[in-house]
Every structure is written in C-alpha cells, then in structure tokens.
Amino acid sequence: MLKFTIQKKLEGTLARAGVIETLNGSIETPAFVTVGTKAAVKAMTAEQVRSLNAQVVLANTYHLYLQPGPDIVAQAGGFGPFMDWHGPTMTDSGGFQAFSLGAAFGSNVSKVTRNTDAVLEDVSPVKGQLAKVTDEGVEFKSHIDGSKHLFTPESSMEIQWKLAADMIFAFDECTSPTAPYEYQKKSLDRTYDWAVRSLNHHESLDTEKKQSLFGVIQGGRHQDLREHAARTLGALPFDGYGIGGSFTKDDIGTAVGWVNAILPEDKPRHLLGIGEPMDLFNAVEAGCDLFDCIAPTRMGRHGTVHTPDGRINLKNKSFTTDFTPLVQGCTCYTCTHHTRAYIAHLFRANESAAGTLASIHNLHFILRLMESIRASLFDETFQSYKQSFIARYYK
RNA sequence: GCGUCGAUGGUAGAGCGGUCAAUUACAUCAGACUGUAAAUCUGACGCCUUCGGGCUACGCAGGUUCAAAUCCUGCUCGGCGCA
C-alpha cells in the first residue's frame, strides 16, 4: 500500500509536487516512470537504469504472462528482483494491448492523434488483428506464437499479483481515437465494470494490502465521457488513478484537466503512455503526478535523440563528421564519453551499442526534465520554465 | 591457342523478344515513432519535366525485327576446362 503526500501545489493550476512511498522506496513526483515491458528496459541493463537515477520501472502483464510466464517471475520474487531492479515498480494491466494488438494492429493509428476528424464509423475487427474485446475480457492471439489467451479483469489481477509490482493497474480497454462516440461510451461502461471486478478480485488476492491498485480513466476525446469516468471511478476505493486512452495531440492537457479536476486530490494520478516534453509540461500543469512512456527508449533505438533545441536524427548524414557530444554540457554517460559522429557510426554499422547510448541519453534527458519541472513547482518558476523550454525545443 | 560460361543501375543479383527505367536485397538520402507486435516502419533512390510526358540507359560496335537488356555476328574484358 502506498502513501502519497502532496508537498506543494501550484496556485492557479492543478499542478502539485509530492512523494509516493512504497514498500520498495519512494518516488518524488511528478516523476517519469521508465518502461521495461518484458522486465527489461530495452537495450539497457538495470545498472544503467539505476545510474540515471530512475525512480520507478513499469513492466507489462501481457508480455510477461506470455514470456516467461507469471509463475517464473513469482519464483524470482517479482519482476523487480527478477531484473535486478530493487526500487519501486509498476505493472500495466494488458489493457493497452486491447488497442495496440486490436484496433490499431497493422495500421498507423496512434492513440495520440493529430486528426480531430479521425473517426471511423466501422468498428468491426481489423483483419488479422490479435486482440478482440468482449464484455468478458480480451481475447489475445499471442504475437509470439499465435496461441489464444483470454484476459479478464480477474486474470489480469492474478498475473499482476504474481508479477508483484508495488503499483498495478485495473484491467481496462484502451480505445482507439478512430472509434465513434457510441463505441467509446459503451466501452467506458465496460471499463467501469472491469474496474469493479479488478478491485474485488484484487482484494481477495492481496489480503495484506501490499500492492496498490490504480483505476484507469478512459473516455477518449470526449469531455462528458472523461468526466463521467472520473466521477464514477473516483468514487471507488482505488489507491491511485491512471489516465489512459486516446487524445488529440494539441489538447492532452485539457483532456487530462477535465479528469483531474474531479478525481480525489489525495491520490496519485498516472498519465499512461505520454512522454513528449510539451505533453509532460501540460499534463503536470493539469495535475498529473506520474508518466510512463516508451518514447525515450524506442526513439533512441531508432536513432532520434532529445536536445534542448529539439530532436535530432543521428542517422542523418550531417552527424557522420560531427565530433561534438549529443548535447553540449549534458552530464549523461553517453555525452561525457562519446561524439555524435561515433554514435552515428554505430547506427550505420548496426551496432547495438548505438541504441544503448541513445537510450541512456534520452532517458537521462527526460528524467532530468521531470526533476527540473518538479523543482520549478517548488520555487514557483514553473510557468517561465515551461515557456522558455518549449520556446527553445519547438522553435 | 582451343573450348566453354559470363558481362544489367552505388553493390550483389533477377529478367532472357513487347506489359522494362528494368523484380529483389543491401547501400544511400529523408521521414515517422507517446501504458513497446518495434535494434522497427514509411517514402525517395538514371537525367529533365509546364507532371501529360520527354531523354539517355542493361560491356563496345554492328545486324535481324513493327519492337532487343533479351536473338545473331564481331570485338573487348573476366571465370572455368583442355593444351
């Protein structure tokens, strides 16, 4: 069971800074949660993650269930000890895979859309998709071997109990931004039903209240649905809340604000799967405490790194002879040891160290950004910090 | 020297009379990526274009044909075999 203390609120906004205490250590919020889906932060060792002062790692129920299986992880004492991460941990419920392996499968639909008109009337299953949602749960066809598996709120709780993270999520359906309103509404009722089932089942497993359970707010881009979800789930005895689902790129802060204005103030709020600098600023301002995102590590592996002046793609020709660090003055391992030219060479030569070095830098960048944002809440320079950062990064 | 096989775009390597500026892979040049199906995916990749098309190309030179990267002849270069 976690303990959440709010230490500072920023007047005129929903933003707050605080501390979450878990059995495995505390998290100073707002905080970025490092993603280690399969009990591994891709391309990185746990020691490297630790050296970046990451505070908390999140793994995934669906992936660890398929491989190596929850019982093996349980034998190791949970996914944290299994991967040699001894700080606070979280697991996602598998609800996102209802989207990524379902409606989004084989398409280029992102849960964050720039197209406000992106609505498909047809929600019939996409050909070849690996997830099918019913009221009972989600039927998955393993992306590894094609075998079939039914995930329910109950089974998700059982698996997450075995994975033994400090904080876990209720089983939910992450809807697509292209789903019509009627579908989102229906899905929201289902997610509520699953939240109650998750809560009840988890209570029966975790009799000593070791794990904290977060409910997940859905509702897509619709204010009425978001607010309805915040009211109904907010009334349930969750230990915290995840805010998931689909957003419009320009409006994430607004949508999150609708929800956080209603959710109980004394419980932590985790914005699921969001991690671009602009979005982090806006969501902190709108009252979020935790963020997890694959972007730093995935983009790193794909050759893109953060700089204060925006992203750069190290695969571009211009970097092959650039013997400066990724970011002048950056204190990360990558920047204090290597040049752009070297890392560009590693990418071209297909050396896996390229992804490692870029991931280290990107994670460092985002983790330090969150620390700076937190500090700016305490000294009340948040607004000016936000403005100057964004002006430079997105110029 | 004789015989034989081969010579295709940055590279490898398809094509073997028209639908070929030429499959594919790699390389190259860009782009995308937000609770990880992702060390992935997408686009461009002869020259010019008023985007309709035009021009030059499959070792070189001729030839056959309405039509040749594809067939024939000679040459040049290379692999292999025999002397």
Between [M] and [N] - [atom1] atom distance, rounded Å:
N	M	atom1	result
B:C45	B:U23	P	11 Å
B:U19	B:U70	P	13 Å
B:C2	B:C75	P	10 Å
B:C47	B:U40	C1'	34 Å
B:G63	B:G15	C1'	23 Å
B:U56	B:U49	C1'	15 Å
B:G13	B:C26	C1'	11 Å
B:G54	B:G59	P	25 Å

How long is the line joining [atom1] of [X] and [atom2] of [N], in whole Å?
X	N	atom1	atom2	answer
A:Asn313	B:U28	CG	C1'	14 Å
A:Ile312	B:C33	CD1	P	16 Å
A:Lys315	B:C29	NZ	P	12 Å
A:Leu314	B:C29	CG	C1'	16 Å
A:Met299	B:A39	CE	P	15 Å

For this session: Syn or anti for B:A37, please, going by whether the chi angle lies within 90° of 0.
Result: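 In terms of base orientation relative to the sugar, B:A37 is syn.
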Problem set entry | Anti versus syn assignment for B:G78, with syn defined as within 90° of 0 |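 B:G78: anti glycosidic orientation.
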Exercise. What pairs with A:His201 under ring-ring contact (aromatic ring centres under 6.0 Å, His included), at least two apart in sequence or on another chain?
Worked result: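 Per chain and number, A:His201 pairs via ring-ring contact (aromatic ring centres under 6.0 Å, His included) with no residue.
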Problem set entry | Residues clustered with A:Phe99, ILVMFWY side-chain links under 4.5 angstrom |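 Listed partners: A:Phe96, A:Val109.
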At a cut-off of 3.5 Å, list every protein nitrogen or oxygen paired with a nitrogen or oxygen from nucleotides 36-38 of chain B, distance to 0.1 Å.
residue, atom, partner, partner atom, Å
B:U36, OP1, A:Asn60, ND2, 3.0
B:U36, OP2, A:Thr37, OG1, 2.9
B:U36, O4', A:Arg298, NH2, 3.2
B:U36, N3, A:Arg301, NH2, 2.8
B:U36, O4, A:Thr297, OG1, 2.3
B:U36, O4, A:Arg301, NH2, 3.3
B:A37, OP1, A:Ser100, OG, 3.2
B:A37, OP2, A:His63, NE2, 3.1
B:A37, OP2, A:Gln97, NE2, 2.6
B:A37, N6, A:Gly106, N, 2.7
B:A38, O2', A:Arg301, NH1, 3.2
B:A38, N7, A:Arg298, NH2, 2.8
B:A38, N6, A:Arg298, NH1, 3.2

Identify each atom pair where a protein N or O and an N or O of nucleotides 42-45 of chain B are less than 3.5 Å apart, giving names and distance.
none

Classify the nucleic acid contact of [X] as base, sugar-phosphate or nothing, counting any heavy atom under 4.0 Å across all strands shown.
X	answer
A:Gly355	nothing
A:Ser142	nothing
A:Gly146	nothing

For the rings on [X] and [Y], is their centre-to-centre separation under 6.0 Å?
X	Y	value
A:Phe214	A:Phe169	yes
A:Phe347	A:Phe319	no
A:His143	A:His63	yes

Problem set entry | Intra- and interstrand pairs of RNA chain B - dot-bracket, Watson-Crick/G-U under 3.5 Å, | marks other strand | ((((((((.[[[..)..(.....]]].(((((.......))))).(((....)))...[[[[[..)....]]]]]))))))).
Exercise. Phosphate oxygens OP1/OP2 of B:A32: is one of them under 4.0 Å from a side-chain N or O of A:Arg114?
Worked result: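 Negative; the distance criterion is not met.
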Exercise. Below 4.0 angstrom from OP1 or OP2 of B:A32, is there any side-chain N or O of A:Arg311?
Worked result: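 Answer is no, no contact under 4.0 Å.
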Exercise. Ignoring hydrogens and angles, does a donor from either the side chain of A:Thr304 or the base of B:C33 sit under 3.5 Å from an acceptor on the other?
Worked result: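 Present.
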For this session: Applying salt bridge (Lys or Arg N to Asp or Glu O under 4.0 Å) between A:Asp135 and each of A:Arg197, A:Lys186, A:Arg190, report the one that passes.
Result: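 It is A:Arg190; the other options fail the test.
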Exercise. When A:Pro296 is tested against each of A:Leu363, A:Ile360, A:Thr304 for side-chain contact (heavy atoms from CB on, under 4.5 Å), which residue passes?
Worked result: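 When A:Leu363, A:Ile360, A:Thr304 are each tested with A:Pro296, the side-chain contact (heavy atoms from CB on, under 4.5 Å) holds only for A:Leu363.
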Problem set entry | Pairs meeting criterion salt bridge (Lys or Arg N to Asp or Glu O under 4.0 Å) with involvement of residues 344-360 of chain A, two or more places apart |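 Salt bridge (Lys or Arg N to Asp or Glu O under 4.0 Å) check on residues 344-360 of chain A returns no pairs.
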Problem set entry | SB check A:Arg392 A:Asp309 (cutoff 4.0 Å) |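 So A:Arg392 pairs with A:Asp309 through a salt bridge.
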For this session: Could you say whether A:Gly303 or A:Ser352 is positioned toward the 5' end of RNA chain B, judged by the nucleotide with the nearest heavy atom to each?
Result: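 Nearer the 5' end of the strand: A:Gly303.
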For this session: Take A:His270 and A:Asp292, measure what side-chain hydrogen bond (donor to acceptor under 3.5 Å, both in side chains) needs, and give me the verdict at the end.
Result: CA-CA 8 Å; A:His270 179 120; A:Asp292 71 283; 2.6 Å; yes
Exercise. Does A:Tyr333 use its side chain to pair, donor to acceptor, with the backbone of A:Gln48 at less than 3.5 Å?
Worked result: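 Not confirmed, A:Tyr333 side chain does not pair with A:Gln48 backbone.
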Exercise. With no hydrogens and no angle check, do the side chains of A:Ser156 and A:Gln160 hold a donor and an acceptor under 3.5 Å apart?
Worked result: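 A pair is found: one side chain offers a donor N or O, the other an acceptor, under 3.5 Å apart.
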Exercise. Any side-chain heavy-atom pair from A:Glu380 and A:Lys8 closer than 4.5 angstrom?
Worked result: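 Side chain of A:Glu380 against side chain of A:Lys8, heavy atoms only: contact under 4.5 Å found.
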